[in-house]
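One-based numbering along the sequence shown. Remember, it's 1-based here, ligands and their atoms both numbered in the order they're listed.
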Amino acid sequence: MINRRKFIEKVAAAGALSLIPNIISARNVTALQQSETNNIPVIISTWNHGIEANEAALNVLKQGGSIVDAVEQGVWVPESDPENMSVGLGGFPDRDGHVTLDASIMGPDGNAGSVCFLEHIVHPISVARLVMDSTPHVMLSGEGALQFALVNGFEMQNLLTPEAKKWWKEELNKSKYNPKPNWENEPNEHHDTIGLLAVDSNGDIAGACTTSGLGFKMRGRVGDSPIIGAGLFVDNDVGAATATGLGEMVMKTLGSFLVVEFMRNGKTPQQAVEEAIKRIINKVPDHKKYQVGFIAVNKQGQTGAFSILPGFNYALCQNGQNILIDSNSYYPQQR
Ligand code: SD4
């Protein structure tokens with residue numbers, strides 16, 4: 001994972017000064033949002049890499065692209081970054097050394113597409129989009145998803161970078177085939193899925209979520225990210241939510257759908273994500289050892305973020321600023 005210091009150094013070294021994030025704590029965000037009268041367009045996404053993804057999504061909107069183009073092209077950025085070890089190229093492999101990808105996308109018309117257990121394709125989000133746009137289905141998996149991608153002109157590529165391979169070999173040496181390696185000690189490591197949500201100036205909403213999933217997972221394991229309602233959910237009447245962290249806990253509570261339903265019933269995005277985290281706390285006995293974070297946005301452009309453990313951050317692009325924010329968490333300290 002690229003930690004925050006490394007990330008800032010990288011961005012600064014690239015001379016991309018406009019991308020250097022202001023890092024602020026979640027407490028200041030409420031004041032920042034309340035002082036604004038117009039909250040849309042807004043783009044919100046998970047983790048450090050969200051800054052560059054938001055920037056790319058915003059550029060699409062500025063150039064008159066659709067909200068679905070914006071979320072898709074936003075998450076392309078971490079998908080094609082070999083240094084990002086949780087998404088697309090360079091993603092952590094499973095315990096057999098294969099990089100297997102999950103992705104999902106939803107648009108304002110309520111349509112959805114996803115792929116899971118997809119190998120060899122750098123941009124699974126675009127395959128998910130094609131499933132959404134050009135098939136009567138919502139989800140394609142594994143070999144079928146790859147076949148569909150190849151028929152439609154996607155090219156196969158080796159996604160296992162030397163660095164990820166080295167990591168895998170080290171894990172092989174030290175692990176006892178635990179599919180959740182080290183998470184008890186490092187709950188924010190080995191997972192940096194990007195979930196990106198956007199609302200355009202018409203109030204139309206879309207979302208995208210893409211990941212290589214849990215590093216060193218069992219072969220064939222699929223997480224929450226490609227499951228509509230778990231890793232991502234969009235309802236154009238209400239808002240959208242996406243999740244990061246241990247997908248098993250999100251799947252057991254259908255987290256993103258839950259967040260949107262809380263918003264439908266009148267909660268703000270912040271109240272909604274906090275309730276969804278509390279649901280996991282109440283329902284999943286093992287929850288203290290593992291991280292889950294949600295971000296959410298409603299049709300008015302209000303946002304929310306919350307996690308089980310500290311260490312989760314997200315990027316918020318709104319009102320001319322693109323800032324990295326530390327999320328509040330249920331437990332103030334790592335358990
Ligand atoms: C998964 N939720 O496959 C994903 C992993 C993740 O940040 O979010 N990492 O369980």
Under 3.5 Å, is there a donor-acceptor pair between the S114 and S104 side chains?
no

Looking only at side chains, do N313 and N48 share a donor and an acceptor under 3.5 Å apart?
yes

Distance filter under 4.0 Å to [X] heavy atoms, resulting ligand 1 atoms:
X	answer
G223	3 (O)
G213	3 (O)
D224	1 (C), 2 (N), 4 (C), 10 (O)
T193	4 (C), 5 (C), 6 (C), 7 (O), 8 (O), 9 (N)

Which one holds for S225 and ligand 1: side chain close, backbone close, both close, or neither close, with close meaning a heavy atom under 4.0 Å?
side chain

Relative to ligand 1, is L214 under 4.0 angstrom through side chain, backbone, both or neither, heavy atoms considered?
backbone

Side chains of L254 and F233: closer than 4.5 Å at any heavy-atom pair?
no

Candidate with minimal heavy-atom separation from atom 7 (O) of ligand 1, of V250, T242, T244:
T244

Hey, looking at atom 4 (C) of ligand 1, which of S212, A243, G245 has the closest heavy atom?
G245

Kindly indicate, with the supporting measurements, whether the criterion ring pair (Phe, Tyr, Trp, His ring centres under 6.0 Å) is fulfilled by F306 and F294.
CA-CA 6 Å; F306 204 59; F294 288 111; 9.6 Å; no

Looking at every heavy atom in both M263 and A296, which two are closest together, and how far apart are they?
CE-CB, 4.2 Å

Would S86 count as a contact residue for ligand 1, given that I'm defining contact as a non-hydrogen atom of the residue lying under 4.0 Å from a ligand atom?
no

R221: heavy atom below 4.0 Å from ligand 1, yes or no?
yes

Say whether V131 and L146 are linked into one hydrophobic cluster, either directly or through other cluster members, by side-chain heavy-atom distances under 4.5 angstrom.
yes

